[in-house]
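Data block below; observations after.
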Amino acid sequence: MQFGCSHPWSGQDKSEFHINCCVAIDNVTLAAMENRLKNFVRVISSSLVSALLLASCNSGTSSSDRGFEVKLLVGSALHHFCDEAAVQFNQTNPQLESGDAFHMTCEAAGSGDVVERTVALAQQLQQGTLAAEAPDFPTILSVDGEIYQNQLIYRMDQLYPGQNYIPAITDAPLLANSPMVFMVPSDLAPGLRNVDDLFAQLVTANTHKDLDASSPDQPIYYVHTAPTRSNSGLQTLVSQFSSVSGKRPEELTVADVQQHQAKVQEIQSKITRYGKSTSTLAQSMVENGPFWASIGSVYESSVIAANTDLPPGGTRYEAVYPKSTFTSNMRGIVPNAPWVSDQEKEAADQILEYLQSPPAQQIATNLGLRPGAPGVALGPKFSPNFGVDPQASYDSYRPPAPEVAEAMLTAWSQVAKKSSLVVVVVDTSGSMEGNKLPSVQNTLKTYVDALGPKDQVALIDFDSDIRQPVLADGTPEGKSRGLQFIAGLRADGGTRLYDSALAARNWLSANLRQNAINAVLILTDGEDSESGISLDQLEQELARSGFSSDQRIAFFTVGYGKEGEFNPQALEQIAQLNGGYYRKGDPATIAQLMADLQVEF
């Protein structure tokens with residue numbers, strides 16, 4: 001067999017020509033060799049890439065698994081700061097002087113929840129039902145302000161007198177802070193800056209024109225978080241008592257709280273809804289607009305977040321700084337307690353030192369938090385472009401006495417809190433058989449047991465039929481009616497979801513509770529199957545009672561079980577168009593989810 005090899009290599013040396021021709025002549029052998037070589041290179045390359053990826057993971061994400069765990073339980077304002085700092089810190093492969101490796105992990109909760117959980121764990125330790133070595137205990141705590149830190153010290157001292165398990169406020173290093181401000185749309189901000197003491201004026205004012213003659217004659221709709229769960233809510237409540245009494249927080253007494261709770265109740269009457277998360281509440285202001293809430297008591301960082309990545313034509317918000325407010329100092333707390341070992345204390349010292357270092361503090365400023373360590377620049381987000389004043393000046397409040405703060409929380413729950421009427425709509429169709437319905441029943445029992453003197457609920461269950469509401473409230477008789485309803489639930493039939501939503505709205509419209517939060521909460525595990533109306537028709541109907549109407553009925557929806565069994569898009573649409581939100585739950589999470597929802601009202 002001969003090949004014409006002369007043309008491609010015509011200008012080459014004869015030896016090259018000979019070699020290339022030999023390759024061409026034996027091309028069958030060469031092809032087999034090339035395939036083997038390619039496979040070999042492919043395997044080697046793949047192995048090399050895998051090894052490099054594994055090395056990268058070991059220096060990053062997987063480093064979080066090195067050694068023993070040091071748990072941080074922080075308030076919600078430090079959530080993202082803690083998560084981002086943990087990634088950076090764990091990449092340094094930290095270890096003790098002994099050489100023992102460790103890593104930090106973060107969990108965020110409302111500041112009130114941080115206190116309650118810590119006290120509950122300490123009680124279990126005291127009762128002998130939990131060992132000091134149990135992994136349930138966090139090593140480092142943080143709450144979003146010094147009132148709740150003061151409450152933690154107070155509660156632990158009641159449990160363990162004289163032990164001083166929680167260090168004094170000034171002995172806990174400052175990690176970050178964010179002053180409490182009024183978040184308002186830019187067009188309303190100039191008028192509010194003319195108001196000397198906004199909380200004092202909110203006692204009697206009903207419109208923005210009442211606050212400032214140059215402002216529009218627009219109703220005041222106000223939001224803040226629930227003080228029983230959230231630090232910003234508790235700081236707001238204390239500020240309200242301080243304003244209406246004319247005393248600084250540290251000067252207030254229990255008698256002052258009782259004397260002025262009616263005035264605080266007048267402020268609370270302007271509330272649209274409460275909530276457990278400051279950042280989520282601020283985001284709801286952005287999503288729902290000024291006729292949902294025109295004033296919000298939030299952290300300065302929430303205003304920065306609201307103005308970050310604003311959509312075209314979106315409402316811009318500004319921070320109005322009160323003359324006196326809480327700085328919201330967020331500190332790192334290492335308990336001097338049996339559940340923190342010497343090893344964990346040594347590791348905690350390293351973590352807190354890192355959290356105060358310039359790289360970690362830069363994370364804080366990027367998130368809109370003011371640095372806790374000196375010498376760290378604020379960064380570009382602290383500017384009027386993001387609605388805040390980098391040089392803001394105000395008188396910083398100090399916490400009230402712990403027993404006074406407790407009295408305020410009691411006064412809020414029993415007297416000052418805005419009343420509510422919530423229609424709870426429960427899907428009891430055949431798909432709720434098995435462990436779903438018992439789990440929901442247990443959750444509803446907890447919900448009813450937690451009803452306070454200001455709360456009313458109407459309980460409706462539906463399948464192929466929509467049954468009449470059962471009324472429950474915070475009285476013993478009201479709770480008994482609610483528990484009887486829950487015990488009688490049975491799974492059967494179809495899913496008239498849209499019809500039941502409209503029936504709940506119609507009942508609430510006819511029985512609207514005056515000067516109260518009126519809302520519908522729907523819990524379903526399936527798609528609509530038997531309704532006489534469509535989703536579009538339901539949305540048109542609900543628009544007539546939403547926040548552009550006098551009824552101001554909000555909708556909250558919970559998809560229960562596995563997505564695919566229900567339509568999350570439809571549930572989200574129903575909620576978002578009516579001033580609420582959608583959440584997904586399952587048997588493991590439904591109890592906490594419903595407890596969080598209950599805080600909204």
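Numbers here are sequence positions counted from 1. Bear in mind that the values here come from a model prediction, so they are computed numbers and not experimental data.
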Does a side chain donor of either [X] or [Y] reach within less than 3.5 Å of an acceptor in the other side chain?
{"X": "Tyr222", "Y": "Ser297", "answer": "yes"}
{"X": "Asp83", "Y": "His79", "answer": "yes"}
{"X": "Ser328", "Y": "Gln235", "answer": "yes"}
{"X": "Gln201", "Y": "Asp197", "answer": "no"}
{"X": "Asp455", "Y": "Tyr447", "answer": "no"}
{"X": "Thr365", "Y": "Gln362", "answer": "yes"}

Verdict with reasoning, Gln240 to Leu202, per side chain to side chain contact (heavy atoms under 4.5 Å, CB included): CA-CA 10 Å; Gln240 291 172 6; Leu202 283 177; over 6 Å; no
Is the shortest side-chain heavy-atom distance between [X] and [Y] below 4.5 Å?
{"X": "Pro216", "Y": "Leu188", "value": "yes"}
{"X": "Ile147", "Y": "Asn150", "value": "no"}
{"X": "Leu78", "Y": "Leu369", "value": "yes"}
{"X": "Asn336", "Y": "Pro167", "value": "yes"}
{"X": "Asn194", "Y": "Ser215", "value": "no"}
{"X": "Leu577", "Y": "Phe555", "value": "no"}
{"X": "Thr446", "Y": "Met594", "value": "no"}
{"X": "Leu125", "Y": "Phe137", "value": "yes"}

Atom of [X], atom of [Y] and distance for their closest heavy-atom approach:
{"X": "Tyr321", "Y": "Pro179", "result": "CE2-CG, 4.4 Å"}
{"X": "Ile220", "Y": "Thr207", "result": "CD1-O, 3.4 Å"}
{"X": "Ser294", "Y": "Val184", "result": "O-CG1, 3.5 Å"}
{"X": "Thr278", "Y": "Ser232", "result": "OG1-OG, 2.7 Å"}
{"X": "Val114", "Y": "Gly75", "result": "CG2-N, 4.3 Å"}
{"X": "Pro380", "Y": "Ser383", "result": "O-OG, 3.4 Å"}

So how far is it from [X] [atom1] to [Y] [atom2], rounded to the nearest 0.5 Å?
{"X": "Thr315", "Y": "Asn288", "atom1": "OG1", "atom2": "CG", "value": "11.0 Å"}
{"X": "Tyr397", "Y": "Glu146", "atom1": "OH", "atom2": "CD", "value": "15.0 Å"}
{"X": "Phe601", "Y": "Asn518", "atom1": "CZ", "atom2": "CG", "value": "10.5 Å"}
{"X": "Ile271", "Y": "His224", "atom1": "CD1", "atom2": "NE2", "value": "4.0 Å"}
{"X": "Asp395", "Y": "Thr327", "atom1": "CG", "atom2": "OG1", "value": "9.0 Å"}
{"X": "Asp217", "Y": "Asp210", "atom1": "CG", "atom2": "CG", "value": "7.0 Å"}

Basic-acidic side-chain contact under 4.0 Å: Glu250, Arg248: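 So Glu250 pairs with Arg248 through a salt bridge.
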N-O pairing of Asp113 and Arg229 below 4.0 Å: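 The answer is yes: the pair qualifies as a salt bridge.
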Glu353, CD atom: more than 12 neighbouring heavy atoms under 6.0 Å: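 Open: at most 12 neighbouring heavy atoms sit under 6.0 Å from CD of Glu353.
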Atom CZ of Arg398: over 12 foreign heavy atoms under 6.0 Å: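 Counting neighbours around CZ of Arg398, 12 or fewer heavy atoms of other residues, nucleotides or ligands fall under 6.0 Å, so no.
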Stepwise side chain to side chain contact (heavy atoms under 4.5 Å, CB included) check, Phe199 with Val244: CA-CA 7 Å; Phe199 281 136; Val244 299; 5.7 Å; no
Are any side-chain N or O atoms of [X] and backbone N or O atoms of [Y], one a donor and one an acceptor, separated by less than 3.5 Å?
{"X": "Arg331", "Y": "Ala172", "value": "yes"}
{"X": "Tyr274", "Y": "Lys418", "value": "yes"}
{"X": "Thr139", "Y": "Val70", "value": "no"}
{"X": "Tyr317", "Y": "Met285", "value": "yes"}
{"X": "Ser178", "Y": "Glu300", "value": "yes"}
{"X": "Asp144", "Y": "Ser76", "value": "yes"}
{"X": "Gln361", "Y": "Leu175", "value": "yes"}
{"X": "Ser243", "Y": "Ser239", "value": "yes"}
{"X": "Tyr160", "Y": "Ala122", "value": "yes"}
{"X": "Ser230", "Y": "Pro227", "value": "no"}

Val303 and Glu318: CA distance, side-chain angles, deciding distance, side chain to side chain contact (heavy atoms under 4.5 Å, CB included) verdict: CA-CA 7 Å; Val303 180; Glu318 294 184 19; 5.6 Å; no
Trace of the side chain to side chain contact (heavy atoms under 4.5 Å, CB included) decision for Tyr154 with Glu403: CA-CA 9 Å; Tyr154 176 67; Glu403 60 272 15; 4.1 Å; yes
With sequence neighbours excluded, tell me which residues meet side chain to side chain contact (heavy atoms under 4.5 Å, CB included) with [X].
{"X": "Ala554", "answer": "Ala519, Phe547, Phe556"}
{"X": "Leu593", "answer": "Val558, Arg583, Leu597"}
{"X": "Asp187", "answer": "Pro185"}

Residue pairs, two or more places apart or on separate chains, that pass salt bridge (Lys or Arg N to Asp or Glu O under 4.0 Å) and touch residues 259-284: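 Residue pairs passing salt bridge (Lys or Arg N to Asp or Glu O under 4.0 Å), neighbours aside: Arg273-Glu600.
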Test ring-ring contact (aromatic ring centres under 6.0 Å, His included) applied to Tyr354 - qualifying residues, sequence neighbours left out: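 With neighbours one apart ignored, the set is Phe89.
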Do any side-chain atoms of residues 405-414 form donor-acceptor pairs under 3.5 angstrom with protein atoms, and if so which ones, sequence neighbours left out?
from	atom 1	to	atom 2	distance (Å)
Glu406	OE2	Gln151	NE2	3.3
Thr410	OG1	Glu406	O	3.1
Trp412	NE1	Gln268	OE1	3.1
Ser413	OG	Leu409	O	3.1

